[in-house]
Amino acid sequence: MNRIAAVAALALSLAPLAAMGTDTTINGWISDAMCGAKHAGSGAACVKKCIDGGEAPVFVDEAKKQVWTIDNPDAVKSFYGDHVTVTATADDSKKSVHITSIAAAK
């Protein structure tokens with residue numbers, strides 16, 4: 001019985017890590033929270049203006065046009081409005097990503 005309790009406790013302690021996901025590489029755009037997917041590919045100047053005005057940067061998944069908040073926005077400072085390839089860990093419950101690497105998309 002103690003062995004079952006120990007396994008259950010271990011599984012429950014690891015559950016939050018599983019919910020965070022694993023690193024995924026995906027193409028998309030760095031936009032701003034106000035305009036989201038509207039600027040994907042056409043509004044770099046507006047994205048920069050909106051972020052300078054206080055809007056948060058967001059990541060727009062190129063294929064699905066889904067907008068994700070970025071929990072480490074300093075990682076994308078040099079890429080406002082750009083088409084990028086990111087490696088990130090997604091938190092589906094918060095609809096956010098933690099970007100571990102970013103580069104201009106080819």
When rounded to the nearest 0.5 angstrom, what is the spacing between [atom1] in [X] and [atom2] in [Y]?
X	Y	atom1	atom2	answer
Y80	I51	OH	CD1	5.0 Å
F59	D71	CZ	CG	13.5 Å
I102	D82	CD1	CG	8.0 Å
H98	T69	NE2	OG1	12.5 Å

Considering only heavy atoms from C-beta outward, does the side chain of [X] approach that of [Y] to under 4.5 Å?
X	Y	result
W29	V67	no
N27	V86	no
T24	T87	no

Could you tell me whether the side chain of D32 and the main chain of C35 form a donor-acceptor pair under 3.5 Å?
->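 Indeed, once roles are kept as given, a pair shorter than 3.5 Å links the two residues.
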Does [X] belong to the same Ile/Leu/Val/Met/Phe/Trp/Tyr cluster as [Y], with side-chain heavy atoms less than 4.5 Å apart forming each link?
X	Y	answer
V60	V97	no
I70	M34	no
V58	F79	no

Any chance you could lay out the side chain to side chain contact (heavy atoms under 4.5 Å, CB included) test for I99 and V76, step after step, and finish with the verdict?
-> CA-CA 8 Å; I99 296 176; V76 301; 3.5 Å; yes
So, T89 versus D23: side-chain donor-acceptor pair below 3.5 Å or not?
->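 The criterion, which ignores hydrogens and geometry beyond distance, is satisfied for D23 and T89.
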After noting the C-alpha distance and the side-chain angles of D74 and K77, does the key distance pass the salt bridge (charged side-chain N to carboxylate O under 4.0 Å, His left out) rule?
-> CA-CA 5 Å; D74 287 344; K77 277 188 174 182; 3.6 Å; yes
Should the heavy atoms of other residues, nucleotides or ligands under 6.0 Å from NZ of K65 be counted, would the total exceed 12?
->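 Enclosed: over 12 neighbouring heavy atoms sit under 6.0 Å from NZ of K65.
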Give the intermediate values and the outcome of side chain to side chain contact (heavy atoms under 4.5 Å, CB included) for residues K49 and D52.
-> CA-CA 5 Å; K49 182 179 176 182; D52 288 344; 5.8 Å; no
Least distance between heavy atoms, P57 atom then I30 atom =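 Closest approach of P57 to I30, heavy atoms only: CB-CG2, 4.4 Å.
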Would you please test T25 and T85 for side chain to side chain contact (heavy atoms under 4.5 Å, CB included) and show each step?
-> CA-CA 7 Å; T25 300; T85 300; 3.5 Å; yes
